[in-house]
Protein chains: 4
Amino acid sequence: MSNRPQTPYAARVHETRLQTRWTDFDTLGHITHAAYPVYLDEARDAVLTATVGPFTEFAWVIAHVSIDYKREIVQGAREVIVRSRIAEVGRTSLTFEQYVLGPDGEVAAACRSVLVAWDREARAARPIADDERALLLR
Amino acid sequence: MSNRPQTPYAARVHETRLQTRWTDFDTLGHITHAAYPVYLDEARDAVLTATVGPFTEFAWVIAHVSIDYKREIVQGAREVIVRSRIAEVGRTSLTFEQYVLGPDGEVAAACRSVLVAWDREARAARPIADDERALLLR
Amino acid sequence: MSNRPQTPYAARVHETRLQTRWTDFDTLGHITHAAYPVYLDEARDAVLTATVGPFTEFAWVIAHVSIDYKREIVQGAREVIVRSRIAEVGRTSLTFEQYVLGPDGEVAAACRSVLVAWDREARAARPIADDERALLLR
Amino acid sequence: MSNRPQTPYAARVHETRLQTRWTDFDTLGHITHAAYPVYLDEARDAVLTATVGPFTEFAWVIAHVSIDYKREIVQGAREVIVRSRIAEVGRTSLTFEQYVLGPDGEVAAACRSVLVAWDREARAARPIADDERALLLR
């Protein structure tokens, strides 16, 4: 029996619309690689805020992020859409699966990331409570 | 007699060399406007650290910044040089005059800024002490 | 007789709502100085896009920006509002007056900036056409 | 016999020293997650510039980046060190292994990334030439 009870993608997909900025675009005329981690993080924050509360109540740090860049988003894109779902909730960590979509609806990047629930005073990981887990996987 | 001995450029000129980053350049192939405030701030911090100590000892916030953009710095510039001098030290504030130079030695931007000495606990302005003023204007 | 025929604020006030990002906030727990130029630029771009068209049709560069920082916007602010109006349109340049407001509706920063209409091929200033001027000052 | 002689770490280790910026640090008082991709990219660019030439001669885009965040780098760090080596050179891609070290010499983050040699005109991947491969793996 698994101690990872959650069906992959048990949790629902959240969609976050994010405004792009002039400074997100680089000399190649497309959204620069370094803007994607920012978008993905904003989307994770939106999901967590909507489920277990804002950062002041549910603090976290990033342990791992992996991004596949698939298509460029060229200059002129006023917003991107991030589709996020919580794929897994561990003892102290949670795993996100996310996609960044350009204005044409095509996937520009795919991301898997692991966050750790954070005790700001102790500056250390802390266990995720059962009620938090339930909210995260709803 | 004034206790604000602000002879223009009484203080010496500091030169700070700063590495550029890929993300500093925009779609127009030059350093984007928004990178200049960052460079100027790094240079101010370097000057203050070298005179009155690091931010942990001499905290400050920015009250005013005014930038004239004169020439573009095009893609390929690996560093910029910032020339800074403290033009004036007031009761709680100090005024910087700065120039950002590209690799060709030409002035790309000129800046005047006013900082306020900051009491981090009180989250408020604090008087600049006489010994600090002397160090700032040396 | 003035050669600046336009009543200050002849043009209407545009309001732009901008999402903040985690990376806009610094160690002092407030929106860092360097995020304001980015917000102000996004708002100018929104105003110009709404009046004379997107950057691909009406290109411009920044000649001058002056910012007064008045109040901090502390962590937790999910968006800022920028109020912008075109105060003046010259032969090749236009002047913006803008305010950045925090979620409490208070002015956090005031900005005056001068843009220059830009000929991307010539990489030089170009005259603003009469019909553009009319649209900018409507 | 393979023409992809990717002995792990055949290539030498490059060390790149990078200045931090105030804007790299976030409300938690440490270098924010989103600054690491920027550091890693600057280091890759330095390695490629030193081996096969600057971006104007050897253009590339990022296909994949994976980062493990291991330790925080707290406020006050004036520079970070990135250790980079090219682990593998494929037909059109190359793989980097990198470590970001804080001022204490400890590894703060580990990164694996895949770049694709880029034909800027065609906006598409291009084969890596034999002489480029030799230089990359030297």
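So that the names make sense, note that chain A is the first sequence line, chain B the second, and so on, each numbered from 1.
- Residues C:V65 and B:Y69 are in side-chain contact: their nearest non-hydrogen atoms beyond the backbone lie under 4.5 Å apart.
- Within the model, atoms CZ of C:F55 and CG of B:L28 stand 4.5 Å from one another, a figure rounded to the nearest 0.5 Å.
- Annotation: residues 70-81 of chain B contacts chain C through B:E72, B:V74 [non-hydrogen atoms, separation under 4.5 Å].
- Counting heavy atoms from C-beta outward, C:H64 and B:I67 have side chains that stay 4.5 Å or more apart.
- The stretch residues 103-123 of chain B places B:R120, B:R123 near chain C, each with some heavy atom under 4.5 Å from a heavy atom of that chain.
- Here C:I62 contributes atom CD1 and B:T32 contributes atom OG1; the two are 7.0 Å apart, rounded to the nearest 0.5 Å.
- If you tally non-hydrogen atom pairs under 4.5 Å between each of B:A63, B:P37, B:A35, B:A59 and chain C, the highest count goes to B:A63.
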